[in-house]
Amino acid sequence: MAVFTIAHLYPDLLNLYGDRGNLLCLQQRMVWHGHDCRIKNIRLGDNLDYSSLDMIFMGGGSDREQGLVYQDLVKRSDSFMVAIEEGMPVLCICGAYQLLGSSYLDLDGHLMEGLKFFDFTTRATKNRLIGNVLIKACLGGQEMTVVGFENHGGRTYFEDNSLQPFGEVLRGYGNNGEDQKEGIKYHHLIGTYLHGPLLPKNPGVADFFLKTMAQRRGIEFGSRLDDDIELTAHEQMKNRLI
Ligand code: GLN
């Protein structure tokens, strides 16, 4: 049995709409695979030892919390990007996703610097993009649909058209309600507007992260999990949307 560790960055600041449920989903699925999975909370100023981690997670947050987190996150940006380039699995939801870009212009006209990992910008507008979302995605060579819930004022635009979205919007808004792009995917990083939490109703996305964590440790899972309940929940939402 192996013990995996997922870092939850800023759990007290970035954790909107039950985003922590993604960690509980990953933890339980890892246990079902016969391994252990610990969640390490990293708060403002805490040391982040990437060599002890198998994955990094950040949830959503309001503009205020994003500003608080940015000041701490920017001090870690070089080492964080090295980890991403080296294939660290990373899941960033909504506000955390927005911070990965060049900038975030909030409703009051304050320009918040982003980590500049990717050349995209986000601009908040009064009318929030709210509702259930259905996208199609391809992870690890496997085509899949993904369902979730979005609630964001920010609209994200790729300035670099070579950037790969997490998926293509079939129902809902996604990054900006205009270009049918949702989120971003880079190596084993996914940034997305999909709350829900995202992973319990999308076992294919959860397994993308679990398999990557295991493979990076030279571990192959023996068998597939029984996802009848998860896929029933997925199909129920998908059928409601199409
Ligand atoms: N504050 C950001 C926005 O409104 C992100 C919100 C969120 O994380 N749900 O766009």
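For ligands, and for the atoms within them, numbers begin at 1 and follow the listed sequence. It should be emphasised that the depicted structure is a prediction, and the values quoted were computed from it without experimental measurement. Residue indices begin at 1 and follow the sequence shown.
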- Query: Between Arg171 and Asn132, is any side-chain donor less than 3.5 angstrom from a side-chain acceptor?
  - Reply: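 The criterion, which ignores hydrogens and geometry beyond distance, is not satisfied for Asn132 and Arg171.
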Pick out the protein N or O atoms lying less than 3.5 Å from any N or O of ligand 1, and list each pair with its distance.
unit_1: ligand 1; atom_1: 1 (N); unit_2: Gly61; atom_2: O; d: 3.2
unit_1: ligand 1; atom_1: 1 (N); unit_2: Asp63; atom_2: N; d: 3.4
unit_1: ligand 1; atom_1: 1 (N); unit_2: Asp63; atom_2: OD1; d: 2.5
unit_1: ligand 1; atom_1: 1 (N); unit_2: Gln66; atom_2: OE1; d: 2.7
unit_1: ligand 1; atom_1: 4 (O); unit_2: Arg128; atom_2: NH1; d: 3.3
unit_1: ligand 1; atom_1: 4 (O); unit_2: Arg128; atom_2: NH2; d: 3.2
unit_1: ligand 1; atom_1: 4 (O); unit_2: Gly153; atom_2: N; d: 3.0
unit_1: ligand 1; atom_1: 8 (O); unit_2: Gly61; atom_2: N; d: 2.9
unit_1: ligand 1; atom_1: 8 (O); unit_2: Gly61; atom_2: O; d: 3.3
unit_1: ligand 1; atom_1: 8 (O); unit_2: Gly95; atom_2: N; d: 3.0
unit_1: ligand 1; atom_1: 9 (N); unit_2: Asn151; atom_2: O; d: 3.1
unit_1: ligand 1; atom_1: 9 (N); unit_2: His195; atom_2: NE2; d: 3.0
unit_1: ligand 1; atom_1: 10 (O); unit_2: Gln98; atom_2: NE2; d: 3.0
unit_1: ligand 1; atom_1: 10 (O); unit_2: Gly153; atom_2: N; d: 3.0
unit_1: ligand 1; atom_1: 10 (O); unit_2: Gly154; atom_2: N; d: 2.8

- Task: Measure the acute angle between the ring planes of His35 and Phe4, then classify it against the limits of 30° and 60° as parallel, tilted or perpendicular.
- Result: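 Perpendicular: the ring planes of His35 and Phe4 meet at over 60°.
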- Message: Run the side-chain hydrogen bond (donor to acceptor under 3.5 Å, both in side chains) test against His33 and tell me which residues pass, sequence neighbours left out.
- Response: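 Applying side-chain hydrogen bond (donor to acceptor under 3.5 Å, both in side chains) to His33 gives none.
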- Task: Not counting sequence neighbours, which residues clear side-chain hydrogen bond (donor to acceptor under 3.5 Å, both in side chains) with Asp207? List them please.
- Result: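 In terms of side-chain hydrogen bond (donor to acceptor under 3.5 Å, both in side chains), with neighbours along the sequence ignored, Asp207 is linked to Arg29.
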- Item | Set of residues satisfying ring-ring contact (aromatic ring centres under 6.0 Å, His included) with respect to Tyr10, sequence neighbours excluded |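 Applying ring-ring contact (aromatic ring centres under 6.0 Å, His included) to Tyr10 gives none.
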- Query: Does the ring centre of Phe80 sit less than 6.0 Å away from the ring centre of Phe117?
  - Reply: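 Yes.
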